[in-house]
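Heads up: the structure comes next, in structure tokens.
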Amino acid sequence: MKIKRIDLTYKGGSFCFTVNETKESITKRVEEFKKHLDKMNKDKVGGGGFHFNESASTVYKDYEETKKKLLAEK
Amino acid sequence: MSTQAIGNTGIPAGAKIFKKPVKAFLVQTFDDSGLRNDLDFSSTTSLTKAALDALVQNSDPSKRWYPLPKLYDAVLAKGDPVLDTAGDGTNFFIQEGVRTSVFMLKQQDATLIQSFDTLECAGNADWSIFFVDTCDQVLVEQVEAKKGRPLQIATSTFNAFYQFMTDTTSNNITVNFDFDKFLKDGRLKVVEVDSDANILKTEGLKTVRVDYSTVLVTVTAATGIMTFDYGPLGADIKYKGAVTADFSLDEISPTPGVVPGFAVAEGLPGVYAITYTLEAQDDVLELTSTSTGLAGGFEVETNSRFTIP
């Protein structure tokens, strides 16, 4: 079975990535995600209360490890 | 066998009797491709936990089993046969009576009745039912070899209504229907279920509704409030703790396909921010449940769509 997506879950947020992500694309996604949540908190959209503190480098490291593990399982 | 003989009447040890019905699963008689939703035992002898989970969590609603809460006071009674009585009192058998079903779902929210609307509307899809007894046995009709058919509900006979609590009785939803006239008693069989399937405790999927209207949708993010139909008016119970693995995000129009990456964050309970790669104005996106979401017991409602402003 072909891996189609990689889901990573953290306290306060979760990501669905494709299998072709790069360090740059993940960094961009995580930073934009954080920026968006900060804006929502500032504007009190949906009542605010969003808290995601994971760094982009941690997410990238987890992505690589998870991808390696999934490919080994298949 | 002579043409006058009946079948032999010896019964071997180990014959199974269906006991008191305490659980039921509604299922469409045919799926949307026209195939019957029968249980196939050509390569197995019992219903396993994995098979039961797959039926209850099927992503195709036309193949899905819909478990009901525990049944109380279930009576599957057969009506009197139709007889032609001659003037001298001789009775001539014409046809068997109709078998009916009555049971109660005790101490349930009246909202559950909404789930049965399709069954109550005449002319909609044919529906059938699997009953389960106190010994984890499923009642089926064997029409084809090694296939167990759910018992077909006669069209336009299903009705469910709410009974309020009284000084001596609890509230309940009473469910009535007739079985299809062609149900043959002699073809009734039981199917054994693996004990680890815990079939009597099986719960149906919970419908999650997503409301995007009251908050914000942009070209890179949407915010939705996810709730169930249940709870006090204006304070529906929130769907909490969902993550990306529970969802699939797809573009419906103008270019149908999977939205390749997205992220989800929950702020206040049940309030979700969904971010995605840049979408164009007027694109229509839809959030649906993945198999992980269904396995968790939840299904995002069909048509949970939003349009990029």
Side-chain angles (χ1 to χ4, degrees), chain A residues 1-60 62-67 69-70 73-74, chain B residues 210-227 235 238-251 257-279 285-293 295-296 300 306 309:
Chain A
M1 195 170 66
K2 211 174 156 191
I3 302 167
K4 288 180 181 157
R5 54 188 269 183
I6 294 171
D7 289 279
L8 297 175
T9 300
Y10 302 91
K11 193 176 174 205
S14 56
F15 295 85
C16 168
F17 292 115
T18 68
V19 289
N20 302 316
E21 304 282 353
T22 61
K23 189 171 185 179
E24 290 69 36
S25 69
I26 286 178
T27 303
K28 193 175 168 215
R29 285 270 308 280
V30 172
E31 281 169 3
E32 281 178 357
F33 183 61
K34 282 180 166 182
K35 225 181 280 174
H36 179 75
L37 297 185
D38 287 345
K39 189 172 183 324
M40 288 188 66
N41 284 334
K42 195 178 153 211
D43 298 344
K44 297 267 181 231
V45 176
F50 295 91
H51 301 288
F52 176 78
N53 299 316
E54 220 59 60
S55 69
S57 58
T58 302
V59 176
Y60 176 65
D62 293 343
Y63 171 83
E64 285 293 306
E65 279 173 11
T66 307
K67 185 176 170 181
K69 206 171 134 194
L70 286 172
E73 280 172 7
K74 301 297 165 190
Chain B
V210 192
D211 180 6
Y212 303 102
S213 62
T214 57
V215 274
L216 187 71
V217 177
T218 70
V219 288
T220 56
T223 306
I225 300 171
M226 301 197 194
T227 58
K238 301 283 195 306
Y239 174 40
K240 295 182 252 185
V243 295
T244 52
D246 297 321
F247 304 117
S248 176
L249 187 63
D250 298 273
E251 182 173 330
V258 174
V259 175
F262 64 100
V264 167
E266 185 177 10
L268 295 181
V271 181
Y272 292 89
I274 304 154
T275 63
Y276 35 82
T277 44
L278 191 69
E279 293 289 330
L285 305 187
E286 181 179 50
L287 199 66
T288 53
S289 294
T290 58
S291 56
T292 307
V300 176
F306 57 97

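In what follows, chains are A, B, ... by sequence order, proteins preceding strands, each numbered from 1.
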Euclidean distance, Asp7(A) CG relative to Thr292(B) OG1, rounded to 0.5 Å
7.0 Å
Search all heavy atoms of Gly47(A) against all heavy atoms of Leu268(B) and return the closest pair with its distance.
CA-CD1, 3.6 Å
Under a 4.5 Å heavy-atom cut-off, does chain B meet the side chain of Thr9(A), its backbone, both or neither?
side chain
Sort Tyr276(B) into side chain, backbone, both or neither according to what part of it lies under 4.5 angstrom from a heavy atom of chain A.
neither
State the OG1-NZ distance between Thr275(B) and Lys34(A), to the nearest 0.5 angstrom.
13.0 Å
Residue set satisfying ring-ring contact (aromatic ring centres under 6.0 Å, His included) with Phe17(A), at least two apart, ordered chain then number -> Phe15(A), Tyr63(A)
Within residues 22-33 of chain A, the residues sitting under 4.5 Å from chain B by heavy atom, in sequence order, are Arg29(A), Phe33(A)
Where do Thr244(B) and Leu8(A) come nearest, in terms of heavy atoms and distance?
OG1-O, 4.4 Å
Supply the atom-to-atom distance Cys16(A) SG to Leu249(B) CG, rounded to the nearest 0.5 angstrom.
8.5 Å
For residues Ala265(B) and Gly12(A), report the shortest heavy-atom separation together with the two atoms involved.
CB-O, 3.3 Å
Top residue by heavy-atom pair count (under 4.5 Å) with chain B, among Lys4(A), His51(A), Met40(A)?
Met40(A)
Tell me, do Arg5(A) and Thr290(B) make a side-chain contact under 4.5 Å, heavy atoms counted?
yes
